[in-house]
Amino acid sequence: PLRYLSKLRELVKNEADKNKSQWKTMGPAKVAVPSPNDFLQKRSKEPKLAPKKKEEDGKKLLPLSVPPRTYHPVTRTKKNFISKNALAVMTGEPKKPRHFCVDTRQGDKYLLEPSGLFPKYINKKNYGVLPKYVIQRNEEMKREEEEYQASVLEQLKKKAMKVLSEEERTDILK
């Protein structure tokens, strides 16, 4: 079979020869230099957004439900926070002093509560009381131990020799 030959082969050869003629000199082809009036400006190559349309085809756009960033609502309250805070201080419980230990002449001190030197847990209601789950587990263990002992005794009784009365003994001996 003959090899495939393109119909546009001659056209491609001619076009390639045309384009080669530009590069026959040293360096790139001579291209028109832009005029000094058309200089590049800052951000001139960035894509520009289309201008915002106020009305589209005679239809009014709905107002936004989100307030603008510059909106600051005016809130007026008739509470007197100064007198309210003063009343809370007067009627409230006083602060309890924190326990600390001073350990140098300069007055360096450290808190006793986080250090573990202050008895914190003995003041709780359930201090020293066994938790419910431990009590339940102990009861279950005792019950299982009793059941085991009872089963062992039953097994021993089944395997043990039977005690004969005097009459049965004498009958067997005869």
Residues in side-chain hydrogen bond (donor to acceptor under 3.5 Å, both in side chains) contact with D171, at least two apart in sequence or another chain: none
Quick check for you: to the nearest 0.5 Å, what is the distance between [X] atom [atom1] and [Y] atom [atom2]?
X    : Y    : atom1 : atom2 : value
N85  : M90  : CG    : CE    : 10.5 Å
Q41  : R43  : CD    : CZ    : 13.0 Å
K120 : L112 : NZ    : CG    : 12.0 Å
L111 : H99  : CG    : NE2   : 10.5 Å
C101 : D108 : SG    : CG    : 11.0 Å
L8   : E15  : CG    : CD    : 10.0 Å

Shortest non-hydrogen contact from [X] to [Y]?
X    : Y    : value
K109 : D103 : N-OD1, 4.4 Å
P119 : N123 : O-ND2, 3.6 Å
Y121 : Y127 : O-CD1, 3.3 Å

Does the S44 side chain pair with the main chain of L40, one donor and one acceptor, at a distance under 3.5 Å? no
Enclosure of [X] [atom1] (heavy-atom neighbours >12, cutoff 6.0 Å):
X    : atom1 : answer
E140 : CD    : yes
I82  : CD1   : no
L173 : CG    : yes

Residue pair [X] / [Y], side-chain heavy-atom distance below 4.5 Å:
X    : Y    : answer
L117 : Y110 : yes
R137 : Y133 : yes
N80  : K84  : no

Under the side-chain contact (heavy atoms from CB on, under 4.5 Å) rule, collect the residues that match up with I172, sequence neighbours excluded. L164
ILVMFWY cluster, [X] and [Y] together (side-chain gap under 4.5 Å):
X    : Y    : result
F100 : F118 : no
I135 : M141 : no
L87  : V89  : no

Test side-chain hydrogen bond (donor to acceptor under 3.5 Å, both in side chains) on Q149 and E145; report intermediate values, then the result. CA-CA 6 Å; Q149 291 294 335; E145 185 66 30; 3.2 Å; yes
